Peer 1: 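One structure, as structure tokens, below. Some questions next.
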Amino acid sequence: MRLYSTLQHELVELPPPPAKVGIYVCGPTVYQRIHVGNGRPYVIFLWLRNWLQQRGYEVKLVSNITDVNDKIYAESEREKRASADLAREMSDWYLADTDRLGLGRPDAEPKATEMMVEIVQLITELVGSGHAYEAGGDVYFRVGSYGDYGRLSGQKPNQMSEQEPNPLKEDARDFALWKATKEGEDTSWDSPWGKGRPGWHIECSAMAADELGPAFEIHGGGLDLVFPHHENELAQSRAAGQEFAHIWMHNGLLRLTGEKMSKSLGNIQTLERVLDEWGRETLLLFFMTAHWRSPIDFSPETMMQARTQVDAFRELFRMKFDRSTQQFPQGWDPEVEARKFEEALDNDFNTPDALAILHKARSAWDQDFIKERLSIFGLDSLAAPEEEAPPDIVEWAEKRQAARATQDFAEADRLRDVIAAAGWEVRDVSDDPGYQLVKGD
RNA sequence: GGCGCGGUGGCCGAGUGGCUAGGCAGAGGCCUGCAAAGCCUCGUACAGCAGUUCGAUUCUGCUCCGCGCCUCCA
């Protein structure tokens, strides 16, 4: 199993199974409902967990929830409500929205506010070893004390532009580990440096160590987190003597009309809305169509194409035939294809390549092959038995059959329209009742 | 400006130094009372310019274009 790592700039081999694989993924800051773009890493890493487990790895997936930071304070002030209250509500919505994807949950989803002891302890350690210093109630990481700073993002410290100068910092590149409580902030925690709250990056270092230990395999998150967030996490944890993550996976961003979908740009579609409009299966298949590292354009056209594919797979499972006597066409050898499928996912988790093999299985009508593999992506629901038509629909279909039997095609067509108006589609088939009822979109 | 990732047929999107990716859309046909579903057939694409090579979409360089990041910002 190989995965592309930002740190090494190349594919990195995972130790052979059975091995423990710890995965830490940066989750959302909860100050608004999450958007579809936020859903991508969630989906990718749950899929990855499924696949690694299937390959015999012992996986622990951790994804944090940032429930205290500047954004939350700013939003709660706008809404004139307690920040903790806002964070709790949005955090609950995050769980509810992602639950609808039907992929289960990560193994742990720690919140920053519940990790204060560990956070303060880590900062204390960094101060003690000279990698951090207190200034006016804040604590800053001393970037100059960590020689490898910039390794992950490729940013060279001396060419980083200085933004608003902060007189408390020894060096403009230093970043906050702990921030003294400011005017208007309605939550705070005690620390050796006075009341305050953690900086943005430190929670991840503390949580990863707490849940996965000082060294683990994979750290994930959106491409936009490489710098400064992940660079800083890496610096903190390494400075604290931890090996930290071996492989750094950064998923491509979702784009809307060519730009990254982001809350600050305002071009967002909430995950909730997309699930309402397109359904979980279409969204999941949409995510499968692009490699996890590529940017992906969210548009009605690309979503339609995903929906058509979803329908095509579902259609295959509507077919009833005797699989025990099924003859596969020439060119379809399940064992050969199974190996190709594994190779596709083992090779940097190439879902579009894997999907192509599922389509090949589809044209060979190999239901078992597809069903088993679709489950990795939470799409085995496409193989599930569908809703039975209600009695009145069945009755109309029966009447239509009778009309057809007497060549009364006008009546038959009328009944087909009646059925369609009720949201069902009637098809003529050669098997027993002579028709098939399918629920429309 | 710096760092990084990309540019594949109408659209989406893998991949490979020479061998059919796949999907969507479109065209024709089979099937059907008509449909729907299904099936069959049809597309020689790889930003541009050099170079390496027997041979490059695949390797190297340059150019053009797109996207992300460049310290509190998602």
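Just so it is clear, the model here is predicted, and its values are computed rather than measured. Just so it is clear: chains get the letters A, B, ... in the order the sequence lines come, proteins before strands, and each one is counted from 1.
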Peer 1: Using a strict 4.0 Å threshold on nitrogen-to-oxygen distance, state whether A/Glu315 and A/Arg427 make a salt bridge.
Peer 2: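 Judged by the 4.0 Å cut-off on N to carboxylate O distance, A/Glu315 and A/Arg427 do form a salt bridge.
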Peer 1: Measure distances between side-chain N and O atoms of A/Arg314 and base N and O atoms of B/G38, and say whether any donor-acceptor pair falls under 3.5 Å.
Peer 2: no
Peer 1: Expressed as a whole number of Å, how far does the P atom of B/C59 sit from that of B/C5?
Peer 2: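 The same atom, P, in both gives a distance of 13 Å.
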Peer 1: Is the closest basic N to carboxylate O distance between A/Asp368 and A/Arg323 below 4.0 Å?
Peer 2: yes
Peer 1: Across nucleotides 20-29 of chain B, 5' to 3', mark each nucleotide with B, S or - according to how protein heavy atoms within less than 4.0 Å reach it.
Peer 2: -BSBBS----
Peer 1: So which one's nearest nucleotide on RNA chain B is more toward 5', A/Trp292 or A/Asp428?
Peer 2: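 The residue mapped nearer the 5' terminus is A/Trp292.
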Peer 1: Does a side chain donor of either A/Tyr73 or A/Asp186 reach within less than 3.5 Å of an acceptor in the other side chain?
Peer 2: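 Side-chain D/A pair, A/Tyr73 to A/Asp186: absent.
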Peer 1: I'd like to know if A/Arg416 reaches the base of B/A35 with its side chain such that a donor and an acceptor end up less than 3.5 angstrom apart.
Peer 2: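 Flag set: donor-acceptor pair detected.
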Peer 1: Say you pick atom P in B/C67 and the same atom in B/U8; how far apart are they, in whole Å?
Peer 2: 14 Å
Peer 1: A/Phe286 and A/Trp278: aromatic ring centres closer than 6.0 Å?
Peer 2: no
Peer 1: Show the numbers, then the answer: is there a side-chain hydrogen bond (donor to acceptor under 3.5 Å, both in side chains) between A/Tyr133 and A/Asp174?
Peer 2: CA-CA 10 Å; A/Tyr133 56 93; A/Asp174 293 350; 2.6 Å; yes
Peer 1: Show me, range against range, the stems involving RNA chain B, built from at least 3 consecutive Watson-Crick or G-U pairs below 3.5 Å.
Peer 2: B:1-7 with B:64-70, B:10-12 with B:22-24, B:26-30 with B:38-42, B:47-51 with B:59-63
Peer 1: Say whether A/Tyr435 and A/Glu398, considering side chains only, have a donor N or O and an acceptor N or O under 3.5 Å apart.
Peer 2: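 A pair is found: one side chain offers a donor N or O, the other an acceptor, under 3.5 Å apart.
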Peer 1: Taking the P atom in each of B/G6 and B/U58, what is the distance between them to the nearest angstrom?
Peer 2: 14 Å
Peer 1: Heavy atoms only, 4.0 Å cut-off, all strands: where does A/Arg400 land among base, sugar-phosphate and nothing?
Peer 2: base
Peer 1: Between B/G22 and B/G61, how far apart are the two P atoms, rounded to whole Å?
Peer 2: 32 Å
Peer 1: Could you check whether A/Thr6 gets within reach of a base, just the sugar-phosphate, or nothing at all, counting any heavy atom under 4.0 Å?
Peer 2: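 Touches nothing.
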Peer 1: Using atom C1' of each nucleotide, how far apart are B/C70 and B/A45 to the nearest Å?
Peer 2: 36 Å
Peer 1: Between A/Glu342 and A/Arg339, is the closest basic N to carboxylate O distance under 4.0 Å?
Peer 2: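 No.
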Peer 1: Are any side-chain N or O atoms of A/Glu337 and backbone N or O atoms of A/Lys360, one a donor and one an acceptor, separated by less than 3.5 Å?
Peer 2: no
Peer 1: Do the charged groups of A/Arg81 and A/Glu75 touch, with an N to O distance under 4.0 Å?
Peer 2: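 No.
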Peer 1: Determine the Euclidean distance between corresponding C1' atoms of B/U20 and B/G9; express it in Å to zero decimal places.
Peer 2: 15 Å
Peer 1: If we take the C1' atom in both B/G43 and B/A21, what is their distance in whole Å?
Peer 2: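 Nearest-Å result for B/G43 against B/A21 at atom C1': 14 Å.
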Peer 1: Taking atom P in both B/U52 and B/U57, what distance in whole Å separates the two?
Peer 2: 15 Å
